[in-house]
Amino acid sequence: MPELFIPPAKNTFPAYGIWLYKEKSPAIKRVKKESAPSAHGDRHWDSSYLLMDYFTHNPLKKKSRVLDVGCGWGPTSIYLANQGHKVTGLDIDDQVFGFLQLQADLNNVEVKTRQGAMDSLKKTDLTKFDVIVGGDICFWPELTDEWFSLLKRAANAGVKKLVLADPGRQPFLDLVDKCERWDNELLTWYCLEPKRFTGSLLLVELNS
Ligand SMILES: C[S@@+](CC[C@H](N)C(=O)[O-])C[C@H]1O[C@@H](n2cnc3c(N)ncnc32)[C@H](O)[C@@H]1O
């Protein structure tokens with residue numbers, strides 16, 4: 001029989017070894033009174049569960065330094081921090097960080113946060129990371145070019161790889177085409193926690 005895990009708080013659900021608050025929980029409602037995200041950082045997005053599943057089957061090197069671009073409420077950041085990695089969550093919208101902190105506390109993990117667009121990251125900032133991840137953060141057409149330019153700077157800064165998850169929107173597929181200069185792979189992936197979801201993963205080896 002599988003081990004029975006007791007929820008650490010009411011109105012939470014498990015996913016890949018971490019706990020997240022249900023969106024209608026009183027804890028989330030309290031943060032919503034003080035924070036109003038305005039760039040789609042208003043819930044957990046399913047692509048984050050694809051990343052959790054992918055990294056469960058393809059673990060990163062121990063204590064990797066990870067940048068989660070467009071971290072939102074932090075599901076991917078918290079999962080990777082719980083795996084022992086050193087994670088920074090970047091988001092253009094500082095209104096998401098109250099939700100991220102609430103859930104990092106729930107899981108007793110530390111996630112650094114940084115407010116800013118991905119455009120704001122210079123090569124010197126990027127030298128501090130081994131891996132860049134992102135879940136559902138290539139949804140506007142202009143984000144294709146922002147990502148491509150970030151990846152060029154990241155490659156020059158020595159970042160090893162990118163793992164980007166998406167339902168398969170056009171701006172994401174356009175980014176896939178632009179990444180042909182690096183070793184890259186487009187995978188169809190599915191996850192089963194907290195529910196079944198199928199989407200795409202773009203893997204790019206920036207420095208092997
Ligand atoms: C669809 S949400 C995904 C959130 C999270 N990755 C998840 O899977 O739950 C996109 C997030 O990206 C942020 N964002 C949008 N444009 C951005 C940019 N140019 N640079 C950094 N973050 C951005 C938004 O504020 C939002 O929190």
Side-chain angles (χ1 to χ4, degrees), residues 12-13 15-16 18-23 25 28 31-32 35-56 66-82 85 87-104 106-107 109 111-122 125-126 129 131-154 159 162-172 174-175 189-191 193-195 197-202:
T12 56
F13 63 93
Y16 296 96
I18 62 166
W19 291 88
L20 297 169
Y21 280 103
K22 293 179 184 168
E23 281 157 38
S25 70
I28 290 288
V31 180
K32 277 188 176 170
S35 313
S38 58
H40 298 300
D42 52 2
R43 61 181 172 93
H44 307 113
W45 289 77
D46 290 337
S47 293
S48 61
Y49 307 120
L50 289 182
L51 290 168
M52 293 179 199
D53 193 276
Y54 175 78
F55 287 122
T56 298
V66 183
L67 175 68
D68 180 12
V69 172
C71 58
W73 291 12
T76 308
S77 296
I78 292 165
Y79 166 81
L80 289 169
N82 194 48
H85 304 297
V87 186
T88 300
L90 173 86
D91 206 288
I92 197 168
D93 185 356
D94 65 356
Q95 298 292 299
V96 300
F97 295 133
F99 301 95
L100 183 153
Q101 194 56 56
L102 175 75
Q103 303 197 106
L106 179 68
N107 290 280
V109 297
V111 175
K112 276 194 191 167
T113 57
R114 173 173 166 154
Q115 193 258 322
M118 60 183 104
D119 266 357
S120 71
L121 292 172
K122 297 191 170 63
D125 300 313
L126 293 165
F129 300 104
V131 181
I132 297 178
V133 301
D136 228 320
I137 167 62
C138 196
F139 48 86
W140 286 321
E142 58 269 30
L143 287 169
T144 304
D145 285 339
E146 277 192 49
W147 266 109
F148 184 55
S149 149
L150 175 71
L151 293 180
K152 283 191 283 186
R153 294 195 302 283
V159 176
L162 164 79
V163 184
L164 185 61
D166 196 86
R169 296 190 182 91
Q170 195 55 49
F172 169 83
D174 292 343
L175 178 64
W189 205 265
Y190 72 92
C191 57
E193 298 178 32
K195 61 182 179 189
F197 173 69
T198 303
S200 301
L201 290 175
L202 169 61

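Each ligand, and each atom within it, is numbered from 1 in the order the structure gives.
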Check your understanding: With only distance considered, is Val69 within less than 3.5 Å of ligand 1 through an N or O on each side?
Key -> no

Point to revise | Val69 and Ile132, any side-chain heavy atoms less than 4.5 Å apart | key: yes

Point to revise | Worked verdict on Tyr79 versus Thr56 for side chain to side chain donor-acceptor pair (under 3.5 Å) | key: CA-CA 10 Å; Tyr79 166 81; Thr56 298; 2.9 Å; yes

Practice item. Could you list the atoms of ligand 1 found under 4.0 angstrom from a heavy atom of Asp136? Key: 1 (C), 2 (S), 3 (C), 10 (C)

Check your understanding: What residue and heavy atom of the protein are closest to atom 20 (N) of ligand 1, and at what distance?
Key -> Met118 N, 3.0 Å

Point to revise | atom 24 (C) of ligand 1: the protein heavy-atom neighbour that sits closest, reported with distance to 0.1 Å | key: Ala39 O, 3.1 Å

Point to revise | Thr76 N/O under 3.5 Å from ligand 1 N/O | key: no

**Study point:** Heavy-atom side-chain contact between Leu51 and Asp68 under 4.5 Å
**Key:** no

Point to revise | Any Ser47 heavy atom less than 4.0 Å to ligand 1 | key: no

Check your understanding: Does the side chain of Asp93 reach to within under 4.5 Å of the side chain of Ser38, using non-hydrogen atoms?
Key -> yes

Check your understanding: What part of Pro37 sits under 4.0 Å from ligand 1 if we count only heavy atoms: the side chain, the backbone, both or neither?
Key -> neither

Study note, to complete from the structure: shortest atom 9 (O) of ligand 1-to-protein heavy-atom contact is with Trp45 N, 3.0 Å

Review point. Can you find a heavy atom in the side chain of Tyr49 that is under 4.5 Å from one in the side chain of Glu193?
Key: no

Exercise for review: May I ask you to list the atoms of ligand 1 that are less than 4.0 angstrom from any heavy atom of Ile137?
Suggested key: 12 (O), 14 (N), 15 (C), 16 (N), 17 (C), 23 (C)

Review point. Could an N or O of ligand 1 be found under 3.5 Å from any N or O of His40, whether backbone or side chain?
Key: no

Point to revise | Contacting atoms of ligand 1, where contact means under 4.0 angstrom from a heavy atom of Gly41 | key: 26 (C), 27 (O)

Review point. Would you say Ile92 and ligand 1 have an N/O pair spaced under 3.5 Å apart?
Key: yes

Check your understanding: Any side-chain heavy atom of Cys191 within less than 4.5 Å of one from Met52?
Key -> no

Check your understanding: Does ligand 1 have any atom that is closer than 4.0 Å to a heavy atom of Ala165?
Key -> no

Exercise for review: Kindly confirm or rule out an N or O of Gly70 lying under 3.5 angstrom from an N or O of ligand 1.
Suggested key: yes

Check your understanding: Short question: side chain of Trp147, backbone of Ile137 - any donor-acceptor pair under 3.5 Å?
Key -> yes

Revision key, fill the gap. Note: ligand 1 atoms sitting under 4.0 Å from heavy atoms of Asp93 are 25 (O)

Exercise for review: Taking atom types as modelled, find out whether Gln103 and Asn107 have a side-chain donor-acceptor pair closer than 3.5 angstrom.
Suggested key: no

Review point. Any N or O of Asp91 that comes nearer than 3.5 Å to an N or O of ligand 1?
Key: yes

Check your understanding: Taking non-hydrogen atoms only, is Trp73 closer than 4.0 angstrom to ligand 1 via side chain, backbone, both or neither?
Key -> neither

**Study point:** Heavy atom of the protein closest to atom 19 (N) of ligand 1 (residue, atom name, distance)
**Key:** Glu146 OE1, 3.1 Å

Exercise for review: Answer yes or no: is there a side-chain heavy-atom contact under 4.5 Å between Met118 and Leu143?
Suggested key: yes

Practice item. Show the numbers, then the answer: is there a salt bridge (Lys or Arg N to Asp or Glu O under 4.0 Å) between Arg169 and Asp136? Key: CA-CA 9 Å; Arg169 296 190 182 91; Asp136 228 320; 2.4 Å; yes

Revision key, fill the gap. A student checking ligand 1 against Pro75 at a 4.0 Å heavy-atom cut-off should list atoms 9 (O)

Point to revise | Leu143, portion touching ligand 1 at heavy-atom distance under 4.0 Å | key: side chain

Check your understanding: Taking the six-membered ring for Trp, are Trp140 and His40 parallel (under 30°), tilted (30 to 60°) or perpendicular (over 60°)?
Key -> tilted

Exercise for review: May I ask you to test the Leu20-Trp73 pair for a side-chain heavy-atom distance under 4.5 Å?
Suggested key: no

**Study point:** OG1-CG distance between Thr144 and Asp174, expressed to the nearest 0.5 angstrom
**Key:** 5.0 Å

Review point. Between Leu90 and ligand 1, is there a nitrogen or oxygen pair with a distance under 3.5 Å?
Key: no

